[in-house]
Each structure stands twice: as structure tokens, then as C-alpha cells.
Amino acid sequence: MQNIQSIIDSLNPPQAEAVNHLQGPLLVLAGAGTGKTRVLTTRLANLIATGTAQPHNIMAVTFTNKAAKELAERVEQLIGSSTAGMMLGTFHALGARILRRHAERMGLRPDFTILDTDDQKRLLDALIKEANIDATAYPARQLAHIISRWKDKAWLPSDVPTAEDGFAGGRGISLYRAYQNRLQALNACDFGDLLLLPVYLLKQHNDILAEYQNRLTHILVDEYQDTNTVQYLWLRLLSMAHKNICVVGDDDQSIYGWRGAQVANILKFEKDFDGAKVVRLEQNYRSTGTILKAASAVISHNDERHSKTLWTSDDDGEKIHVHPVVDDREEARLIADACDSHQRDGGSYTDCAVLFRTAAQTRSLEEQFIKVGVPYVVIGGMKFYERKEIRDAIAYLRLFHNPQDDLAYQRIINVPRRGVGNAALQTITDVARERTMPLLAATEIALGQDMLSGKAKGALTTFIDQLTVWKNLGAAHTPDRLMELILEESGYLEMLRQDKAAPPDETKARMDNLKELVRAMQDYSDVGSFLEHVSLVMDGEDANEDAVRLMTVHASKGLEFDTVFLPGFEDGLFPHQRSLNETGVKGIEEERRLAYVAITRAKRKLVIVYTASRRMYGQFQPSTASRFLQEIPEECLEIHATVGASLLRPEWGSRTDARATSDWRKPAEPLMPYTSVSTSSEWDIGERVFHQKFGYGNIRGTEGEGDNARLTIAFDKAGQKQLVASLAKLQRA
DNA sequence: TGTTTAAAATTTTAC
DNA sequence: ATTTTAAACA
């Protein structure tokens, strides 16, 4: 074990104060780059080194798997032994662990399946249709989001106030109830349940609560500003008895309000936990003075915050580079070129990160990076486990592991094609419903009673037999070997090989992905633990290759880079239009915190880019500089107006033009802060319109609001159609 | 049942 | 513009 004391001696006074405060509630307000992780790990090590707590007495919770992993590794290094006995992990992972241990009490079996968003959507879609609700007007996505928010508030169906139910005329709650019943029947949980059910478990069973309270005498929470109501209740229940809870966070970096996070949790901590000690970390060790000044200026426009003053002993450093460009193509080229010259100058690609507001911006950047030949990795993009072939393979495993998993059954029963069509599936579904049993069991009944036609009968008999064979082999084989066997014997690999519609390189990529999956499975001793890994550890481990990092601003939280590029710094994109017209000042404040996070990722150099015109939905949209750019003091900035840009927007002028410095940030058109540029909700019943394909028509009805508004239009020639207002490109006739 | 064609949806952020 | 989903067709 390293000498903890010598490490504590190297900390600055507030850091040391936090590390030495081991009993009672503690709030550490840690600004960006102030050594938060260092404090967290050292404090954990100190708990153990001083004998205040044994590893198994400690619960340490983070939000991402990456953070959990880093925490574990660094603590292990400090204490010189494993953290295996510690309750250390993400909220979701720990929730799953608790829930599996006591599954029966919540009406589940310990081997329950964790559904991903796709399964969830599919299930809800079926329920919406069963309830005879128009799925176009009330999409499953939306319901999934609503239910998720309810779960964030720790509401079971019976807890939801009727007034809160705006879905399909107040039918959301009954759909939620039906959904929970289906989940239970499937022996499955969604992500929200991993947080919600443990809270109910602890609330309803005093013996279990007492057990955890006795065991977990010290609780540590990272990113406390991102906790939602369920997580808060969870922490409260567990810490009630001993009050040894230490939370670390930064209200200025709360960017998950849309996921139910309550900034209020961190703002009211001192009230919640009487006598809480508060420590502020304000010395920044990451960024230059200029970057810090810019970030502070931007965030100071927010009202709801613990005010704090970040400072650094570092120099001002380079000014922040601002590049107005013509369009997103030039934007991408500029960034790719800059990364290239950074590398030529002796830097490495890994120093550079491109952070954008929306995932959709990835593509144009990628294209340009490929063209210029700059290596890149997309972090948190299309995740490995979301790929179709991977999900198919996993569906086989799931059905193998949990025969009640109807969703997995539906996914793969006719993949590869076995001749099991709608007719056969309907028969099986009927049997299943009649006898309330899973589809797989129903299939066996249907086969036994000879209810299926020739082709389906043969195919399903073979399939059931195969499953039995795999089941028998399961014990003898390692999971990876079993996976190989299933892929080959089910004919899945053959299907990929035979797929003539797919280009050869894609077929190869799919095969490689499956090989990678098999390889990943080698680390697991049984199918169950692998499936747990799959559902919870979605962030793919990134190789340490020398490549520029591309990611959303959300994905960048907690990271730092020498050089940061911020493309798309435009009103309507960053801040995003959705947040502007939705929640008024709340929305813009969260966007501003997001901008704060983005800026503070940079250690030395920050490059902001915005375009005059951006391709969106396949067509060009004029754009103007972000209002956040105007919140940065001018002395922090250095503007690089290119020739192309000044041609397109003369008012930008050139660098040498004295007027340019004062005018460049003024948008060409007056800002319309809280209204949408699109045609949303401007349409009224009875209006006469023209559509490119359908011709002239009259609006018969409108449904919903904003960009999602749906119009029912009776066209003269084409008949009645339902169109989404923002996509239909309607003109007034 | 499988293939072709046309319409609708996508773009907020993610555990 | 590109991708996904539905429906019409063979």
C-alpha cells in the first residue's frame, strides 16, 4: 500500500479537507478540472487506510461504467488490493445486483432479462395497437419516454397522478400498467426498473433495508448533480441510519435534466442532511486562463446555481479561435485539416477531440476525415451492441437463457428465414395468449396438437430440437464456444454469406463483428453474466489508437483534451431549437451548462466553428452564430474569417477589417429566440395548401404541437393523408 | 411467403 | 438525403 498520508499532503487545502472528513454528510462542490476524481479516490482509500470502513462497508456509485472502472482501478492502486468486495458501480449495475438477489420479492426470477430501448419500443408499440390507439399520432417512443420519466420520479402505475397523463387522452397510465404486467410475464425489466424496483424493495421490506443499512456504513456518490428522484430516494433510504454520505458534483455541469435529473438535489443537500459539511474545489488544474475566463463568463448568465469562482495559476494561453465558415462541408474540412497539421507539428491525433451537440453531426465530419485521411474514432456512436447482427446473436442467447423471453423469440424465430410467417406466428400467439404461456412453450403445444402447416411445422420442430441440443451442450461448453455453435447451426452465418443484397465489405464487417462478440464472450464463465454485461456496459471499450476523438458534448463529460473543436456553434443547434421552444428558461440554462461542459474540456486550445448555412433534412438552412458565443468576452477571442465566408456574408468582413471585430458576431437576421424557424403549429383547419407530390388540398385536422404536429389533409387528387408538418414542406395555396 | 415499391421518419442529449 | 417501415404485388 502506498503511503496515503503522503498523497494527502500533496493535495491543496480544500481537497485535503474533503479527504479527511470521513464521518457525517459531506458535499464536495467540484468545479470542472479541479481534481474531483483525485479527491474521490483518495477519500475512498483513506476510509480503508484509517480503518474507518472495510471495503464491503462501502458503496460507491457513479453514472457511467467508464467512471466506475476508473474509480476501481485507481483505488486498487492506492490500497494495493482488490475492490471486489465493495459495492462499486453504476446506479444501474448496483440496482441490478440488488434486484437479482431479492428478485422473488418483486415478482421476478433471478435470471430476469434486462430489455434495451429497442425491445421496450417494440413491446409498447404492440400494447398501443392492442388498445386501438393510433400509433402514428401516439408513437411508442413518446410513451417510452413518458414512462421513463414516471419511473425517474419513483412512480409505479398506481402512483401516477391522473393530471400527469397526457398520452392519448389519458390512457398513458393504463398502458403503463399493461406494460409492467407484460414485463413481469416476460420475466424482464427495463432500465428504469433497475432503479425503481430496488427502491420499492427497500421501502416495503424492512428486513432487507436493515441488512443494507448495516452493511453499507459509508456511501459515496459521483456526479450528484445528475441524480434523479429515484436515485435520491435510494441514497436517502440507505444513508438514513448512519448519515455517512459523501456526494461530489458540480451544479454547473448538470446536463441530464431530460433524463429526469434534479439539479435541486445538489442545491438542497445541506437541508436534506443536517450539519452537512460543504467543501468547494475552485482551483482548476486543467485549462488555460483564457478558456476558464470564457467558460465562467458563459455560465454566469445562469441564475439557478451555487456561485463559485474557478481560478488557475496557469497563464492565459492562446486565444480562443473562432471560424465562421460557409457550410458544414467547409466546417468539417477545416477541422480535419487542423487535426492533420497538429499531428504534422509533432502532436498526436489523440490530443484532439471534436465535440458536437447532436449525434447527427457525426456523418459530415466522418466523411471529411476519411477524405483527408485523418484517423478518428467515434465515441458512443452506433454502439457495438446495437448492431443488427449482434442483437440477433444475443437474442439467440437470451432465448437460450430465458425461455420466457418472447421478444427474443419474435426477433429470431424467422431469422434466418425458416418459413415461419405471419400465419404460423398468429397461431402460436393465440395459443400463448389462451394459456398464458411464453411463445416458446406455446410453440411446443402447437406442434404437439398439429396446428401448424407443413413448412412451419418442420422448421419449428427442427428449431426446438436445436434449442434442446444447445441446452444439453451448454454445461459442457464455454459461452463463446456455445455462441459459435449456435451461429453456425442455426444457419445465421450461412444467411450472412448468402446475402447478395449486402455489399461484400458489409458482409465481412458483420462477420467480423460476430467474431468480436465471440471473443468478448471468452471473458465470461456463463451466459447469464455475459448477458448482464451486454445490457449494462454499453460503452464499447475504446482502443488506445492514435486517432481524433469524435463525440457528443454529453459523451465528453468527465474527459479532457489538449485541443477541442466545437463545430455547429449556431443558434438552433447549440442551443438546440428543441430546448429553446420547450421549457423556456430552464431549457436554455441546461444548454448553457452544456456549453460550459464543452468549453471546459479543453486544456490548451479551443476552436469554435459556425456556419452560414447547414444541411438539415436534406436541404440547406441558413444559420447564425450561437448566442453563447456572444457571452464570451471579446478579448478572449481571435476571429478567422475566411474568404469564402466573407463572400457569402459581407458583414463578417476580413480579419484586418477594423469594423469586423465589432460586427462579426451580429447575426444577419434578427434573433427570434423563442420561436421555431420551422412551420410548426402555424397551420389551421380549413387552410388550402400545396404539396409537392399530392398537389392541392385542404387541411381537415391538426394533432399535436410543434415539429411533431400531424396534419390531416384532404387532397383534391390524392385523397386524405396524414403528414408531419415539419417534414411535408407544405406551401400555402 | 418473399420481393418490390412507395411513403414516412429522421435529428437532442443516453444509462 | 438517407434510412426504415408499410403496403402492394407476384
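Every value quoted in this text rests on a predicted model; they were computed, and no experiment measured them. Below, chain A is the first sequence line, B the second, and so on; all start at residue 1.
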Output one line per pair: protein atom, nucleotide atom from nucleotides 8-10 of chain C, and distance, for all N/O pairs under 3.5 Å.
none

Under the 3.5 Å Watson-Crick or G-U criterion, the dot-bracket string of DNA chain B, with | for inter-strand pairs: ||||||||||.....

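- Taking His576(A) as the reference, nothing meets the ring pair (Phe, Tyr, Trp, His ring centres under 6.0 Å) condition, with sequence neighbours excluded.
- Taking the side chain to side chain contact (heavy atoms under 4.5 Å, CB included) definition, one finds that Ile146(A) meets it with Gln142(A), Trp150(A), Phe167(A), sequence neighbours left out.
- Applying the salt bridge (Lys or Arg N to Asp or Glu O under 4.0 Å) rule to Glu223(A) yields the partners Lys36(A), Lys557(A); only residues at least two apart in sequence or on another chain are considered.
- Near DNA chain B, meaning a heavy atom under 4.0 Å away, the residues from residues 87-94 of chain A are His92(A).
- For Ala126(A), the side chain to side chain contact (heavy atoms under 4.5 Å, CB included) criterion is met by no residue, not counting sequence neighbours.
- For the ring pair (Phe, Tyr, Trp, His ring centres under 6.0 Å) test, no residue two or more places apart in sequence or in another chain qualifies with Tyr596(A).
- By the side chain to side chain contact (heavy atoms under 4.5 Å, CB included) test, Ser148(A) is found to be paired with no residue, residues two or more places apart in sequence or in another chain being considered.
- Residues satisfying the ring pair (Phe, Tyr, Trp, His ring centres under 6.0 Å) criterion with Phe569(A), sequence neighbours excluded, are Phe574(A).
- Listed by chain and residue number, Ile133(A), Leu175(A) satisfy the side chain to side chain contact (heavy atoms under 4.5 Å, CB included) test with Ala131(A) (two or more places apart in sequence, or in another chain).
- In this structure His145(A) satisfies the side chain to side chain donor-acceptor pair (under 3.5 Å) test together with Arg149(A), sequence neighbours excluded.
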